[in-house]
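Below: one structure, written as structure tokens.
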Amino acid sequence: MGSLKETQPANGVKRKRDEGKVQPSPLQQKRLKLLATRKLLPIWSHQKEIRDALKENDVLVLSGETGSGKSTQIPQFILSQPWCTGKIAVTQPRRVAAISLARRVAEEMGTPLGSSSPASKVGYSVRFDESTSPSTRIKFLTEGMLLQEMLRDATLGQYSCIVVDEVHERSVNVDLILGFLRGLLASKRKKPIKVVVMSATADIQGISWFFAAPSPSVENVENFTGNANGHTIGTEETPVKSPISAEERQISICHVEGRQYPVKLDYLASPTEDIMEAALHRIFQIHCKEPMPGDMLVFMTGQETIQGLQKLVEEYAQGLTADYPKILVLPLFAALPQAAQQRIFQPAPPNTRKVILSTNIAETSVTVPGVRFVVDTGKVKVKQFRNRLGLDSLLVKQISKSSADQRKGRAGREGPGQCYRLYTQEAYQTLERDTIPEILRCDLSEAILKMKARGTDDVLGFPFLTPPPREGMERALLQLLQLGALEDTGRISEVGRKISRLPLTPSLGRVIIEAAKPEMDCLLETIDIVACLSVENIFLNIDTEEAREQAQTARQQLLRRQGDHLTLLAAVRAYAAEHSDRRRWADDHLISHRAMQSVMDVRKQLIAQCIQSKLLDKAPGNDRSRATEDRATDEATQERILKCFLRGFSNNIARLCPDGSYKTFVGNQTVTIHPSSVLFGRKVEAILYNEFVFTNKAYARGASAVQIRWLEEIFG
DNA sequence: GAGCACTGC
């Protein structure tokens, strides 16, 4: 097993004299106890192989299935290596994962966590929460955080190694990180950076080729002309101006087995038309045949189908005789209040089987304990951006094979399980191998602005793992140009640089910039609205008639007839002015308290960032609420606020036509005001909207009334 | 008169 440093006492060991014996500190006791379990992980025996691989080559691509221990062990294997003099970054797609991994690794190393002690070696960094110390060596962070760091320091100078985890999820951010890292590997850096790319799927060929291929575009990718401060990066860090070599880079590859229990598969014999009926049938078949304990996890597409099936299952369950165990149906989707989500973690009452009806949230983000049976409908709701129309469509689609296999795996985490697929084996064979990466499905303007901000001028030449269609890139470039985020030459402008550092889409970022102009003078109001538009819907969905009435009266004083933007402003102001019991206020108004808390977090962050980039002089005082409340009801201010939104959303304007429908200025598409809007059913000369989404129809969501006269003033 | 999957700075 080679020379392991793990048995030596780490720094910070406290020795206590106790009857002449040396007692390890509690941290060390815990470390030694955990060492025994670490040695049982499948990855432990690959330790030497992994260290040798990184000694030899700068890139290691590692595939390790669930339970291999890769996320916790790899950083520790690397840390003691002579080449690793700087920090190690480990990226995660989700905040909770970054924090819990940091906590675990700190325990395993016997070091305090993050900012709790200046001697701490392990920390984390996620939005709204950073916990590091001067001696942090291993930092777990979200992909978005690493990208932000890259905008400030394009060479990532403080790191010796970047570990990119969960690459198989293929978020836009991970694709950007991989592209930037490929460029960085080809550049001349003080010390070469080492990269470990980790994926849970066995297919890592594509990623290996990506890093191995010669980089003809190196010049474009690494054509830094300045870092975030506008300074030219010193000669030592200056990337080579020509491809370093036409040869392939040597890549190490390692496969680590997982630790999963076997899962038995079952398919339908013939295809079904009625997925609800098929699910209902299968749930009761499992329930009546299979012994207890053993909970069930059913993968569905969305809130509506989940609640529909819940009703059916509960009705049928009442007809079961007392010989059978009881059924407890638990819905699970992201919009569900936190407390209701937590119910899946509580043990079921005696003689009761839990049946969890879930969206894709249970595929990756939430691990449901106690599951032995998975029922997979084979469907998922996917968002796809349509470049031609500038519209998001949200449609039910077939899942991919890799998604089907991931769902199946959810039955084998605690013991052998079973997976029932509500489609035929032939249908499985026709599924796509992988889910379409997000970068091929989204509006590219944010990604492209980040690339520009990091110094990639020729974005068409950026090394994408899967290049998005040219049409989408061109659309995004055009939009950035319209926003004034790019110069006519295509380089990033000062405005663009400011926008790129805001945690917002370019459109919303542009609105902030506009509102900060002295003649607009409505930055704080605009920040409140932008904060609402960048979090989940603050207004709760209403499903009963009484709730509707209650909402109607309670929300009355918040509604603004000009539209949704000013209504959101009124809601934030009222919530912020409530000092006694905000949760109760939110409940009374049928407003999501969770959403309002995020609004307040975002608001605080945006204010801080606006001060930093000199858009705002100083933090607003505590006494501002009354004065600004008066302003917010002032018509001239309201007009200026909406004009700021027009500047960022010039493509999202529609005018009323003689037939009573609204048609977009750009593209002449018919749009319907979404029924959740305060403008629903109203006819105004023109509307501005936040989002254009196709579900059953093309809807404008987040809409406000604007005047054609204003458009002429702004756009000429 | 709809009902939006899921992350993240």
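To find a chain, count down the sequence lines: A is the first, B the second, and so on, and within it residues start at 1.
Nucleotide B:dT7 holds its P atom 13 Å from the CZ atom of A:Phe333, rounded to whole Å.
Remark: A:Arg441 pairs with A:Val382, A:Gln384, A:Ile436, A:Glu438 by the side-chain contact (heavy atoms from CB on, under 4.5 Å) rule, at least two apart or across chains. Shown here are the side-chain contact (heavy atoms from CB on, under 4.5 Å) partners of A:Val495, two or more places apart in sequence or in another chain: A:Ser493, A:Ile499, A:Arg510, A:Ile513.
For B:dC4, the OP1/OP2 oxygens have no side-chain nitrogen or oxygen of A:Asn537 closer than 4.0 Å. Of the side-chain N and O atoms in A:Ser676, none sit less than 4.0 angstrom from OP1 or OP2 of B:dG3. In this structure, A:Thr359 reaches the B:dC6 phosphate: one of its side-chain N or O atoms is under 4.0 Å from OP1 or OP2.
Heavy atoms of A:Val126 sit under 4.0 angstrom from primed sugar atoms or phosphate atoms, though from no base atom. Across all strands, A:Glu446 comes closer than 4.0 Å to base atoms (heavy-atom distances). No engagement by A:Ser171 is indicated, since no non-hydrogen atom pair under 4.0 Å with the nucleic acid exists.
Annotation for A:Arg433 and A:Ser400: closest pair O-CB, 3.9 Å, computed over non-hydrogen atoms.
Closest to the A:Arg94 side chain, of the nucleotides B:dA2, B:dG8, B:dC9, is B:dG8. Checking B:dC4, B:dC9, B:dA2 against every side-chain atom of A:Arg701, the shortest atom distance belongs to B:dC4. Listed nucleotides B:dC9, B:dA2, B:dT7 differ in distance to A:Ser365; the shortest reach to its side chain belongs to B:dT7. Of the candidates B:dT7, B:dC4, B:dC9, B:dT7 carries the atom nearest the A:Ala334 side chain, counting heavy atoms from C-beta on. Here the side chain of A:Ile361 is nearest to one of B:dT7, B:dC4, B:dG8, namely B:dT7. Checking B:dC9, B:dG3, B:dC6 against every side-chain atom of A:His674, the shortest atom distance belongs to B:dG3.
Projected onto DNA chain B by closest heavy-atom contact, A:Val382 and A:Leu502 fall at different nucleotides, the more 5' of which corresponds to A:Val382. Residue whose closest nucleotide on DNA chain B sits further toward the 5' end, between A:Val380 and A:Leu504: A:Val380.
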Could you give me the CA-CA distance, side-chain angles and deciding distance for A:Arg555 and A:Leu590, then say whether side-chain contact (heavy atoms from CB on, under 4.5 Å) is met?
CA-CA 8 Å; A:Arg555 286 179 186 169; A:Leu590 287 157; 3.6 Å; yes
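The aromatic rings of A:Phe180 and A:Phe462 lie perpendicular to each other, with more than 60° between the two planes, well past the 30° mark.
Between the side chain of A:Glu691 and the base of B:dC4, at least one donor-acceptor pair of N or O atoms lies under 3.5 Å.
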